[in-house]
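What follows is a single structure, written as C-alpha cells, with notes after it.
Every chain is numbered from 1 and lettered A, B, ... according to where its sequence line falls, protein lines coming before strand lines. Note that the coordinates shown come from a computational prediction; the quantities given were computed from them, not determined experimentally.
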Amino acid sequence: MINKIVSSAEDAVSGIFDGATVMIGGFGEAGSPVELIHALIDQGAKNLTIVSNNAGSGHVGLAALIENRQVKKIICSFPRTAISVVFPELYRKGEIELELVPQGTLAERIRAGGAGIPAFYTPTSVHTSLSEEKEQRDFNGKPAVLEYAIQADFSLVKCLKADKYGNLTYNKTARNFGPVMCMAAKTAIVQARQIVEPGVIDPEHVVTPGIFVHRVVEISNPADESKLVAEKIRYHEIK
Amino acid sequence: MNRNLLRKKYDTMKSNDKNLGWNVNEMAQKVAMDIPDGAYVNLGIGIPELVAGYIPEGREVIYHTENGLLGMGKVAESQTEDPELVNAGKKYVTAIPGAAYFHHADSFAMIRGGHIDICVLGAYQVSEEGDLANWSTGNPDDIPAVGGAMDLVAGVKTIYVITKHCTKIGSSKIVKQCTYPLTGKNVVSRIYTDLAIMDVIDKKLYVSELAPGVSFEYVQQKTEARLN
C-alpha cells in the first residue's frame with residue numbers, strides 16, 4: 001500500500017548522507033522548507049552540495065545549515081540578500097564553493113534533470129563571463145550556451161497541501177522551485193502545511209503529481225523565516 | 001501630479017545644475033508612456049518598479065514577476081502582507097483578479113520563450129551598441145549574484161533601461177564599451193535617463209527627447225558614447 005506520509009521532520013530527512021546533493025526550494029523565505037532544513041542540521045550530514053536560488057538569511061534555515069559547516073558547495077543564482085551574513089563571510093574566506101547560475105538556467109537545468117534531458121542549449125549568458133568556459137553553438141544564426149542538467153540525491157520542498165500519494169498544491173509564489181526540485185531528486189522530501197485525504201485535492205488542481213514525491217511530513221505551523229531573521233533568532237534557540 | 005506642479009518642480013530644478021533634468025518619477029512616467037495597452041511587462045528591482053505607478057488610464061498592462069506570478073498588483077499594505085506572496089525583489093505584493101501562479105521553469109519559459117513584451121531594467125553601464133552591464137561591478141570583494149537579469153535580456157522582446165545618466169561621482173553610465181561584466185550584448189532598445197531618452201539603432205545612439213532645459217550639447221558633454 002502506498003503511503004508517503006512520515007511522522008516527523010526527523011524521519012523525513014533520515015538517510016541524507018555525507019556528500020549528498022540536496023536541492024532546497026524557496027525564493028528567499030517564500031517556500032523555504034525551514035523545518036526540514038533544521039532537521040537536516042540536527043541529522044548532521046556533511047560535505048553537502050546545495051542547489052538553491054539563494055544562500056539564506058540571518059542565522060536560520062539555509063543560512064544556519066551553512067553556518068553549521070555542513071555545506072561544501074552551493075549552486076545558486078543570487079547568494080546575496082539584504083540580511084545574508086553567513087554565506088558572504090565563508091565565501092570571502094574561501095571556505096565555501098559557489099557555482100553561480102542565471103536564475104532561469106538554474107530552473108531549466110533542474111527541470112531537465114527531472115525530465116531526463118541531459119543537457120540543453122540556451123541563449124542566456126552568451127557573451128558574458130558566466131559562459132566563458134562553456135561550449136557554444138549557433139542556432140538559426142544565434143549563439144547559445146550548452147548547459148547540463150542537475151540531478152539531486154534529495155530535495156527539500158515546502159507545499160500547502162499533500163495527500164498520502166504525494167500529490168501537492170502550493171501557496172502563491174512559494175511554489176517557485178518546488179515542482180522542478182521534486183522532479184529532479186531521487187528522494188523528494190516535502191513538508192506540507194496540511195495533509196489531506198486522497199481526492200480532497202481535485203485532480204485538475206494537482207500541481208506536483210505524487211510520482212515525483214517520496215516523503216511527506218505535516219508541519220502545520222511552519223516558522224515565518226523573516227520574523228526569525230528580524231528577531232535575530234538562531235536555529236538552536238527555536239526548540 | 002498636474003502639469004502646473006510639474007512645471008513648478010522643473011523651475012526649482014533648473015536653479016540647481018545638480019538637479020537638472022527629470023527626477024526618477026518623471027523618468028518612470030516617460031517609460032510608462034511608451035508601454036502600450038495589453039503589454040506583458042517585467043519590471044526590474046528599484047527604479048523600474050516606479051513605472052507601474054504611471055501607466056496612463058485606459059491602458060491595461062499585465063506585470064510578470066519572475067519568481068512566479070503573472071498579474072502582479074500593488075505592493076501589499078501591512079495588514080495584507082503574505083510572506084509567500086512576493087515579487088522578484090522579495091517585497092510583499094498583491095495579485096490582481098485574473099492573476100496566475102507558476103513554477104520557475106514555466107516563469108523563465110515565458111521570459112526565454114519571448115512571451116514577455118517589455119522588460120525595464122536598471123543599469124551600471126549601457127554601451128552605444130546596446131550592451132548592458134547591470135549585475136556585477138567586477139569588484140572581487142562583492143558577492144557575485146546574477147538572478148534573472150541574463151535570462152531577461154536574452155529572452156524578452158524589448159529591453160528598456162532606466163537609469164541616472166551619470167554615477168554619483170559624475171562618470172557617464174552611457175559608454176562606448178562597458179567596462180563592467182556584461183549582462184548581455186546588443187540587447188537594449190531604449191535608454192531613459194534624467195537628461196534624455198536615447199534609442200539604440202544599428203549600434204548607434206540617437207537622442208529622441210531631451211529633458212526640459214537640457215541641450216543636446218550638454219547631454220553629449222555628460223556622455224562618453226557618441227550621440228546622434
What part of [X] gets within 4.5 angstrom of chain B, counting heavy atoms only: side chain, backbone, both, or neither?
{"X": "A:Asn171", "result": "both"}
{"X": "A:Val101", "result": "backbone"}
{"X": "A:Arg80", "result": "both"}
{"X": "A:Ile110", "result": "neither"}
{"X": "A:Lys142", "result": "neither"}
{"X": "A:Tyr170", "result": "neither"}

Atom [atom1] of [X] and atom [atom2] of [Y]: how far apart are they, to the nearest 0.5 Å?
{"X": "B:Trp135", "Y": "A:Ser125", "atom1": "CH2", "atom2": "OG", "answer": "9.5 Å"}
{"X": "A:Thr128", "Y": "B:Asp131", "atom1": "OG1", "atom2": "CG", "answer": "12.0 Å"}
{"X": "B:His104", "Y": "A:Gln103", "atom1": "NE2", "atom2": "CD", "answer": "4.0 Å"}
{"X": "A:Ser84", "Y": "B:Ile143", "atom1": "OG", "atom2": "CD1", "answer": "7.5 Å"}
{"X": "B:Met150", "Y": "A:Thr122", "atom1": "CE", "atom2": "OG1", "answer": "11.5 Å"}
{"X": "B:Glu84", "Y": "A:Asn176", "atom1": "CD", "atom2": "CG", "answer": "9.0 Å"}

How close do [X] and [Y] get, heavy atom to heavy atom, and via which atoms?
{"X": "A:Val180", "Y": "B:Ala105", "result": "CG1-CB, 3.8 Å"}
{"X": "B:Pro144", "Y": "A:Leu98", "result": "CG-CD2, 3.7 Å"}
{"X": "A:Phe27", "Y": "B:Lys90", "result": "CE2-CG, 3.8 Å"}
{"X": "B:Val86", "Y": "A:Thr173", "result": "N-OG1, 3.0 Å"}
{"X": "A:Phe78", "Y": "B:Gly147", "result": "CD1-N, 3.5 Å"}

>> For B:His103 and A:Phe177: C-alpha separation, side-chain torsions, deciding distance, then whether side chain to side chain contact (heavy atoms under 4.5 Å, CB included) applies.
In response: CA-CA 6 Å; B:His103 63 67; A:Phe177 283 90; over 6 Å; no
If you count the non-hydrogen atoms of other residues, nucleotides and ligands that lie under 6.0 Å from [atom1] in [X], is the total more than 12?
{"X": "A:Asn221", "atom1": "CG", "value": "no"}
{"X": "B:Ile96", "atom1": "CD1", "value": "yes"}
{"X": "A:Lys134", "atom1": "NZ", "value": "yes"}
{"X": "A:Tyr165", "atom1": "OH", "value": "no"}
{"X": "B:Gln79", "atom1": "CD", "value": "yes"}
{"X": "B:Asn139", "atom1": "CG", "value": "yes"}
{"X": "A:Lys227", "atom1": "NZ", "value": "no"}
{"X": "B:Lys74", "atom1": "NZ", "value": "no"}

> So which part of B:Tyr101 gets closer than 4.5 Å to some heavy atom of chain A, the side chain, the backbone, both or neither?
Replying inline: both
>> Applying side chain to side chain contact (heavy atoms under 4.5 Å, CB included) to A:Glu108 and B:Arg112, what does each step give before you reach the verdict?
In response: CA-CA 11 Å; A:Glu108 193 62 17; B:Arg112 226 188 290 97; 3.7 Å; yes
Between [options], which residue shows the highest count of heavy-atom pairs closer than 4.5 Å to chain A?
{"options": "B:Asp106, B:Leu69, B:Asp141", "result": "B:Asp141"}
{"options": "B:Gly184, B:Ser136, B:Ala154", "result": "B:Ala154"}
{"options": "B:Ile111, B:Asp82, B:Val153", "result": "B:Asp82"}

Heavy-atom pairs under 4.5 Å with chain B - which of [options] has more of them than the others?
{"options": "A:Arg92, A:Lys172, A:His127", "answer": "A:Lys172"}
{"options": "A:Ser226, A:Ser32, A:Gly178, A:Ala174", "answer": "A:Ala174"}
{"options": "A:Ala30, A:Pro123, A:Pro102", "answer": "A:Pro102"}

